[in-house]
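The next block holds one structure in the form of structure tokens; read it before the comments.
Scope of the values below: all heavy atoms of this structure, side chains included, with no hydrogens, waters or symmetry mates.
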Amino acid sequence: MRFFVNRRSEAAYFTVEAALLLPVVMLFTVMMIFLAFYSYDRCVMEHSAYEAALRGTSSHFRTAGEAESAARTAAARLVEGKLFAMRDFSYDVTVDAGSVTVTYHCTVNMPFVTWLGEYVSGIDMTLDISRRARRLRPARTIRDCRILNGLIF
């Protein structure tokens with residue numbers, strides 16, 4: 001028994017295969033682009049949270065209110081206009097006697113999340129990033145340096 005394959009049926013096979021593969025390739029491409037945006041946003045938020053906490057630890061701030069105000073201003077400005085894959089963005093600044101803590105809260109704006117939520121139960125698309133820096137106490141630092149200097153020399 002001999003089978004003949006003509007060019008018309010080969011083109012039909014290619015069309016069917018392309019119709020099946022193209023959506024998968026497109027979904028994969030979109031998800032990889034989203035992953036790049038997510039990674040960038042997470043990196044920016046982690047760095048910004050730590051930098052904002054550091055800005056509130058300066059030794060020239062006498063009160064916790066001044067330190068909190070400086071950290072809040074920095075926390076808002078450092079991420080302004082830089083995030084791509086996040087929404088419902090907010091931040092908290094906490095200052096105590098020894099440290100400044102900056103926490104960013106947001107929701108990840110993932111494509112197809114409503115569709116994914118139907119199949120995966122308990123999916124949490126929130127992201128909380130918190131960074132802490134110790135407040136500087138110049139008098140204590142100078143005393144510690146004098147003690148170390150006396151031990152060395």
Notebook entry, point to check: Does the side chain of Val102 reach to within under 4.5 Å of the side chain of Asp92, using non-hydrogen atoms?
Noted result: no

Check: Are a donor atom and an acceptor atom from the side chains of Arg132 and Ser99 found within less than 3.5 Å of each other?
Finding: yes

Note to self: Looking at Ala85, is its backbone amide N or carbonyl O close enough to the side chain of Asp41 to form a donor-acceptor pair, meaning the two atoms are under 3.5 Å apart?
What the structure shows: yes

Next item on the list: Name all residues meeting the side chain to side chain contact (heavy atoms under 4.5 Å, CB included) criterion together with Ser130; count only those two or more places apart in sequence or in a different chain, and write none if there are none.
Entry: Thr101, Thr103

Check: If we only count heavy atoms from C-beta on, is the Val108 to Met86 side-chain gap below 4.5 Å?
Finding: yes

Notebook entry, point to check: Run the side-chain contact (heavy atoms from CB on, under 4.5 Å) check on Glu68 and Val100 step by step: do they pass?
Noted result: CA-CA 8 Å; Glu68 182 178 357; Val100 176; over 6 Å; no

Checklist line | Student check: side-chain heavy atoms of Arg134 and Thr57 closer than 4.5 Å | finding: no

Next item on the list: Starting at NE2 of His105, measure out to CG of Asp88 and round the result to the nearest 0.5 Å.
Entry: 12.5 Å

Item checked: Greater than 12 external heavy atoms within 6.0 Å of Phe89's CZ -> yes

Check: Mind checking whether Arg131 and His47 have side chains closer than 4.5 Å, heavy atoms only?
Finding: no

Check: Is Val79 close to Ser48 at the side-chain level, that is, under 4.5 Å between some pair of heavy atoms?
Finding: yes

Cut-off 3.5 Å, no hydrogens considered: what does the side-chain donor-acceptor table look like for residues 28-39, sequence neighbours left out?
unit_1 : atom_1 : unit_2 : atom_2 : d
Thr29  : OG1    : Val25  : O      : 2.8
Tyr38  : OH     : Arg42  : NH1    : 3.4
Ser39  : OG     : Leu35  : O      : 2.9

Check: Taking a hydrophobic cluster as the set of Ile, Leu, Val, Met, Phe, Trp and Tyr residues connected by side-chain heavy atoms closer than 4.5 Å, whether directly or through intermediates, do Leu78 and Tyr91 fall within one such cluster?
Finding: no

Next item on the list: Mark yes or no for whether Ser58, through its side chain, and Phe61, through its backbone, hold a donor-acceptor pair below 3.5 Å.
Entry: no

Next item on the list: Specify the closest pair of heavy atoms between Cys106 and Met45, including all atoms of both residues, with the distance to one decimal.
Entry: SG-CE, 3.6 Å

Next item on the list: Please report the closest heavy-atom contact between Ala18 and Pro23, naming both atoms and the distance.
Entry: O-CD, 4.3 Å

Checklist line | Gap between atom OG1 of Thr126 and atom CG of Asp128 - 0.5 Å precision | finding: 5.5 Å

Notebook entry, point to check: So Phe84 and Tyr40, would you call those rings parallel, tilted or perpendicular, with 30° and 60° as cut-offs?
Noted result: tilted

Next item on the list: Decide yes or no for Glu17 and Leu20: does some side-chain heavy atom of the first lie under 4.5 Å from some side-chain heavy atom of the second?
Entry: no

Checklist line | Nearest atoms (heavy-atom pairs only) where Ala71 meets Gly56 | finding: CB-CA, 4.3 Å

Note to self: If hydrophobic clusters are built by linking Ile, Leu, Val, Met, Phe, Trp and Tyr wherever their side-chain heavy atoms come under 4.5 Å apart, do Val44 and Leu127 end up in the same one?
What the structure shows: yes

